Novice: 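So that we are looking at the same thing, I have put the structure below in structure tokens.
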Amino acid sequence: MRNLTMMTDLYQLTMMNGYFLKGKAKEECVFDLFFRQKSTINYAVFAGLDQAVDYIQNLHFTKDDIEYLRSLGTFHEDFLKYLEGFKFTGDMYSVREGDIVYPQEPIVVIKAPLIEAQLIETALLNIISHQTLIATKSSRIVHAANGKSVVEFGLRRAQGPDAGIYGARAAVIGGCNGTSNVLTGQMFNIPVKGTHAHSWVMSFDSELEAFRAFAEIYPDSCLLLVDTYDSVQGIKNAITVFKELKAKGHKPVGIRLDSGDLAYLSKLARRMLDEAGFKDAIVMASGDIDEYLLESLRNQGAMIDVFGVGTKLITSEDTPSLGGVYKLSAIERNGVMEPRMKISDSIVKVTNPGFKTLYRLYEKGSGMAFADLIALNGEKIGKPLVLTHETERWKTTTLEDYDIRCMLYKIFEKGKNLYVAPALEDIVKFATAEKAKFWDEYKRIDNPHIYKVNLSDKLYELKQSILKKRKSR
């Protein structure tokens, strides 16, 4: 467990210093963590809770931390003395890792003294936004793979060690069934997978010699990379070695393509392997693969069994930021929790006020997710339930009967950790089961159907009343 307390923006500390000096440090408040709409993300897979809990649980300033802050000449000495005993004493609510979530939904809620809630903003956004982004990209890629196996291959292209380690973990939550990252495999009990690189082939005098050497060392796990010089000749050389292995009583695994026209080469390789009697040998493909290329390969009838996906997954190349936000939504005044709301000319930046919770509604019988409802904490949700679009108020849906799940679970209570981290394999099972509860129309890569996320009537009325008060000032 690492101490990441100082992994914060300077302005968090300057605000904390100000809260302390103005007597506001102990004011109870509520912050919501959510993400804003992105054109390339129609849903997200929540990840990073395990590391976020470790971070909060280990919050404390060391003597060296405080000496460094003192050296900046910015902070009052009484504030620095206060930091000597700093720890988190508030409540934290969160959705489960693997949950499908949507823009504007509160996926983490912090209810704590203002000075504590302010400090943790930067680290929570860093941890949760990154892992949720990669889990989401993985989910889209796995969906586009249409049942074919996907392995995370991105460590060498990740933006640093943590991005590689926890990005691989998030990719598995999103649906990948293995990683090339040995440390991630060791830390989280994830299957590790890999073959050899072009350098193996180039280190020998011929490709055939290289393949024979690899097969000699790994006779029962022989998967050969065939595109170092010429893919077609590489497939032929692989088949020669496979026949030699078969004659010795071994069963080759298959081949890997890493460049060229993957649709054409995979179909050619499949035909050549089948004709040579290796119908069980797999064709693996790697390279600059993402969900868009996967859909194209599927449309072209590519014969690929396993995909190794690297750069475009581990960096979420087309959408490098989730757009995570952490906003104050309520603050205590004279013993009453008063709602707060950010107002902007941009409608996407207008926040939802108050201490809230999040529900998911499922169709009775089918068990499929129908809509999400953001409501005020403690608000009773009854039957029948009328869902009304927030801005297009003429759009309504009445639910006579439904199943409902509160998605926010209490993780910390008055600073005490209530969270029992599930095994990663259990998180993956939950994520897979939840994703299956959404119709394919919501998961389309292009032009997905818009999933309903509604405000409860009381939350909508509260939001409108604040807007009207602001307008009248």
Side-chain angles (χ1 to χ4, degrees), residues 1-29 31 33 47-92 94 108 110-134 155 158-170 181 183-184 186-188 321 324-328 411-419 421:
M1 187 183 296
R2 294 184 295 175
N3 179 8
L4 298 177
T5 307
M6 292 282 280
M7 192 182 79
T8 190
D9 293 306
L10 179 63
Y11 81 165
Q12 310 290 14
L13 290 160
T14 57
M15 283 189 284
M16 290 169 65
N17 185 58
Y19 295 148
F20 181 85
L21 295 177
K22 290 296 183 180
K24 295 171 65 66
K26 294 183 179 180
E27 289 182 357
E28 194 80 2
C29 68
F31 277 83
L33 190 154
L49 177 60
D50 202 26
Q51 286 69 52
V53 169
D54 284 348
Y55 158 72
I56 291 177
Q57 198 168 9
N58 200 37
L59 272 176
H60 68 279
F61 290 88
T62 66
K63 290 182 179 179
D64 287 345
D65 295 338
I66 293 171
E67 277 305 311
Y68 171 74
L69 295 176
R70 183 176 284 116
S71 74
L72 298 178
T74 301
F75 304 104
H76 195 281
E77 190 62 30
D78 289 345
F79 171 66
L80 295 174
K81 291 284 187 183
Y82 160 77
L83 292 184
E84 292 177 3
F86 184 90
K87 63 180 181 178
F88 183 75
T89 65
D91 300 343
M92 174 183 177
S94 175
V108 173
I110 300 296
K111 185 174 183 286
L114 180 57
I115 199 167
E116 298 173 21
Q118 190 71 68
L119 173 65
I120 63 179
E121 172 183 4
T122 300
L124 285 184
L125 284 172
N126 176 278
I127 293 166
I128 290 170
S129 295
H130 169 252
Q131 294 191 44
T132 299
L133 179 72
I134 304 305
L155 178 58
Q159 284 106 339
D162 276 6
I165 294 166
Y166 295 107
R169 177 185 183 273
N181 187 331
L183 181 54
T184 297
Q186 180 187 30
M187 290 173 64
F188 303 110
S321 170
V325 183
Y326 184 86
K327 293 296 182 185
L328 181 72
I411 307 299
F412 282 89
E413 183 173 30
K414 296 182 179 179
K416 181 182 178 182
N417 180 17
L418 306 179
Y419 181 68

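The model shown is predicted, which means the values in this text are computed figures rather than measured ones.
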Novice: Looking at E116, is its backbone amide N or carbonyl O close enough to the side chain of Y19 to form a donor-acceptor pair, meaning the two atoms are under 3.5 Å apart?
Specialist: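 Flag not set: sc Y19 to bb E116 has no pair under 3.5 Å.
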
Novice: In a check of side-chain contact (heavy atoms from CB on, under 4.5 Å) between I56 and each of L119, L4, I120, which one passes?
Specialist: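 Exactly one option meets the side-chain contact (heavy atoms from CB on, under 4.5 Å) with I56, and it is I120.
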
Novice: Would you say that R169 contacts D50 through its side chain, given a criterion of any heavy-atom pair below 4.5 Å between the two side chains?
Specialist: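 Yes, their side chains come closer than 4.5 Å.
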
Novice: I'd like to know if the side chain of H60 reaches the main chain of N58, judged simply by a donor and an acceptor atom lying under 3.5 Å from each other, with no hydrogens or angles considered.
Specialist: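 Side chain of H60 to backbone of N58, a donor-acceptor pair under 3.5 Å: yes, one is there.
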
Novice: Tell me, do V108 and F31 make a side-chain contact under 4.5 Å, heavy atoms counted?
Specialist: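 No, every pair of side-chain atoms sits at 4.5 Å or beyond.
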
Novice: Would a 4.5 Å heavy-atom cut-off, applied to side chains only, mark V53 and F412 as touching?
Specialist: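 In short, these two side chains touch, coming nearer than 4.5 Å.
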
Novice: Which residues pass the salt bridge (charged side-chain N to carboxylate O under 4.0 Å, His left out) test with K24, not counting sequence neighbours?
Specialist: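 Expected list: E27.
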
Novice: May I ask you to test the K111-C29 pair for a side-chain heavy-atom distance under 4.5 Å?
Specialist: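 No, every pair of side-chain atoms sits at 4.5 Å or beyond.
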
Novice: Any chance you could measure F188, atom CZ, to I165, atom CD1, to the nearest 0.5 Å?
Specialist: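 Rounded to the nearest 0.5 Å, the CZ-CD1 separation comes out at 7.5 Å.
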
Novice: Report yes or no: do Q51 and Y166 form a side-chain donor-acceptor pair below 3.5 Å?
Specialist: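 Distance-only check fails for Q51 and Y166.
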
Novice: Kindly indicate, with the supporting measurements, whether the criterion side chain to side chain contact (heavy atoms under 4.5 Å, CB included) is fulfilled by N17 and H76.
Specialist: CA-CA 7 Å; N17 185 58; H76 195 281; 3.7 Å; yes

Novice: Side-chain contact test, heavy atoms from C-beta onward, threshold under 4.5 Å: evaluate it for I110 versus L124 and give yes or no.
Specialist: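 Result yes, sub-4.5 Å side-chain heavy-atom pair found.
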
Novice: Yes or no on side chain to side chain contact (heavy atoms under 4.5 Å, CB included) for D162 and H130, after CA distance, side-chain angles and deciding distance?
Specialist: CA-CA 10 Å; D162 276 6; H130 169 252; over 6 Å; no

Novice: Examine distances only and state if a side-chain atom of T132 and a backbone atom of A47 form a donor-acceptor pair shorter than 3.5 Å.
Specialist: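 Yes: the side chain of T132 pairs with the backbone of A47.
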
Novice: I'd like to know if the side chain of T5 reaches the main chain of F61, judged simply by a donor and an acceptor atom lying under 3.5 Å from each other, with no hydrogens or angles considered.
Specialist: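 No.
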
Novice: Can you list everything that forms a side chain to side chain donor-acceptor pair (under 3.5 Å) with E77? Sequence neighbours excluded, please.
Specialist: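 Testing E77 for side chain to side chain donor-acceptor pair (under 3.5 Å), a comparison that skips the adjacent residues, returns R70.
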
Novice: Using 0.5 Å steps for rounding, measure from the NZ atom of K414 to the OG1 atom of T89.
Specialist: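 Between atom NZ of K414 and atom OG1 of T89 there are 10.0 Å.
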
Novice: Would you say the side chain of Y55 lies within less than 4.5 Å of the side chain of M7, judging by non-hydrogen atoms?
Specialist: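 SC-SC contact between M7 and Y55 ruled out.
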
Novice: Identify, with sequence neighbours excluded, every residue that meets side chain to side chain donor-acceptor pair (under 3.5 Å) alongside D65.
Specialist: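 In terms of side chain to side chain donor-acceptor pair (under 3.5 Å), with neighbours along the sequence ignored, D65 is linked to T62.
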
Novice: Any non-hydrogen side-chain atom of M6 less than 4.5 Å from a side-chain atom of L69?
Specialist: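 In contact.
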
Novice: Rounded to the nearest 0.5 Å, what separates atom CZ in F86 from atom CZ in F79?
Specialist: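 If we round to the nearest 0.5 Å, F86:CZ and F79:CZ are 8.0 Å apart.
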
